[in-house]
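One-based numbering, in listed order, for ligands and for the atoms of each.
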Amino acid sequence: MTPKAPIAAIAPALSFPADFVWGVATSSFQIEGAAALDGKGPSIWDHFCRVPGAIADGSNGDLACDHVHRWAGDLDIVQRLGVDAYRFSVSWPRVQPTGSGAWNTAGLDFYERLVDGLLERGVAPYLTLNHWDLPQALQDQGGWANRDTVHRFVDYARGMAARLGDRVASITTHNEPWVVAVLGHETGIFAPGIQDRGQAMQAAHHLLLSHGLALQALRADGCASALGIVLNLSPVQPASPTPADIDQARLEDGRLVRWYMDPLFHGRYPQDIVDFLGADAPQVASGDMAIIAQTMDFLGVNYYTRAVVSAQGPWDAHQSGLELTDMGWEVYPEGLTELLLRLHRDYAVPPLFVTENGGAFKDRLEDGRIHDAGRTAYIASHIAAVGEALRQGVPMAGYMVWSLLDNFEWASGYEKRFGIVHVDYPTQQRTLKDSAQWYREFLLQQRALRAARSALPARV
Ligand code: FCB
């Protein structure tokens with residue numbers, strides 16, 4: 001199935017509010033490079049990339065998109081796209097090399113320049129504190145499975161907010177705690193590469209606890225930025241209507257969605273999953289759950305595809321007949337509307353942002369152009385899905401494309417390209433793909449609509 005998209009197809013969903021935030025997103029380890037420059041300490045991803053076989057193409061983040069040196073040109077591109085916001089993350093070991101104690105001035109200065117550079121270009125900075133690159137020195141003491149890391153994170157959060165909180169629109173504590181916990185500590189396909197369900201669930205608990213404590217601390221410090229967390233969520237559907245598949249889907253929904261949403265919004269873990277985990281359930285100290293359930297200013301949702309589960313084992317996405325991206329993920333925009341409606345129905349959610357959405361496709365550079373119609377269609381159809389959620393009453397506040405640039409896609413290395421801007425790694429040349437041109441035109445159209453609407457006489 002080839003989705004049709006461009007602007008005409010999303011016209012019915014164009015009634016985005018005037019203050020809706022349009023953006024693009026990146027993360028530190030995936031683009032920065034400069035892995036050991038100016039006092040930066042090693043992160044768990046620097047280490048993990050050295051494990052033979054861990055990264056599909058044997059690559060690492062040493063150079064990546066060389067963004068530490070090319071940030072000004074990259075921000076010019078961001079400005080040219082006409083977005084309202086740029087979501088980026090801070091590399092904790094760049095600013096605090098061992099994760100505690102001494103701060104690294106050169107690292108802090110880099111983020112100062114980045115934030116000021118965004119403001120000079122009229123783009124709001126959306127900062128994420130933890131997009132997975134934990135200082136290796138903290139991993140050496142047990143990492144996220146060690147409760148002490150919670151307190152190290154709160155100190156780091158306070159330090160960054162003291163430095164940048166007067167200029168960043170928003171601070172996200174963690175990006176996708178499920179990934180850190182499950183892919184990092186249970187399946188071990190991501191850093192730190194541990195395979196232990198008990199440690200995974202303990203890490204998940206500590207991530208949530210550190211989120212809650214950081215929010216309390218930043219608010220007590222008078223931080224004016226909007227505060228929240230970003231979760232990777234999908235609707236989970238049974239492969240068939242058999243009771244076994246339905247049970248499996250409920251379990252998976254519990255582990256992916258409710259394990260994070262229930263504590264954040266209801267102050268408790270889902271009992272069916274606690275029972276399922278048995279001895280692998282995390283140690284929870286008295287008072288932890290109330291700390292986790294801090295009121296948030298926003299919730300970020302990263303959406304790529306739905307999850308289909310079967311009691312028979314892994315489900316083969318080729319069965320559905322839907323288009324697949326280069327990650328092998330189904331293109332399923334309806335799932336985004338379904339997910340957003342469900343979050344709004346089951347939880348008292350604050351304003352919601354889609355903080356990541358996009359697709360990896362096999363791009364071909366032809367005469368200096370990349371005609372990535374598949375990516376454009378993907379983005380357009382998911383924007384329409386957000387528009388539909390808005391129409392049905394979900395408090396949507398923004399949408400951000402993943403990603404600004406092609407970059408280091410974790411265990412897939414540089415083989416998968418998510419950027420709307422192409423990066424030629426040997427020369428580091430950037431080229432706007434057709435999808436970037438499309439997004440730019442779409443945003444111009446949005447702006448024109450906003451202007452036209454505000455010129456209308458007020459309704460009486
Ligand atoms: C998300 C990550 C992001 C990127 C996309 C494709 O899980 O947050 O860094 O890798 O997937």
Under a 3.5 Å cutoff, is there a donor and acceptor pairing between the side chains of [X] and [Y]?
X: Gln96; Y: Arg94; value: no
X: Ser27; Y: Gln30; value: yes
X: His151; Y: Ser100; value: no

Considering only N or O atoms, set out every pair between ligand 1 and the protein closer than 3.5 Å, with distances to one decimal place.
residue  : atom   : partner : partner atom : Å
ligand 1 : 7 (O)  : Glu176  : OE1          : 2.5
ligand 1 : 7 (O)  : Glu176  : OE2          : 3.0
ligand 1 : 8 (O)  : His131  : NE2          : 3.2
ligand 1 : 8 (O)  : Asn175  : ND2          : 2.9
ligand 1 : 8 (O)  : Glu176  : OE1          : 3.4
ligand 1 : 8 (O)  : Glu176  : OE2          : 3.3
ligand 1 : 8 (O)  : Glu356  : OE1          : 3.1
ligand 1 : 8 (O)  : Glu356  : OE2          : 3.0
ligand 1 : 9 (O)  : Gln30   : OE1          : 2.7
ligand 1 : 9 (O)  : His131  : NE2          : 2.8
ligand 1 : 9 (O)  : Trp410  : NE1          : 3.0
ligand 1 : 10 (O) : Gln30   : NE2          : 3.3
ligand 1 : 10 (O) : Glu409  : OE1          : 2.7
ligand 1 : 10 (O) : Glu409  : OE2          : 3.2
ligand 1 : 10 (O) : Trp410  : NE1          : 2.9

Q.
Rounded at 0.5 Å granularity, tell me how far OH in Tyr269 sits from NE2 in His205.
A. 5.0 Å
Q) Which pair of heavy atoms, one from Thr305 and one from Glu330, lies closest together, and at what distance? A) OG1-O, 2.7 Å
Q: May I ask you to decide if Val236's main-chain N or O and Ser234's side chain share a donor-acceptor pair within less than 3.5 Å?
A: no
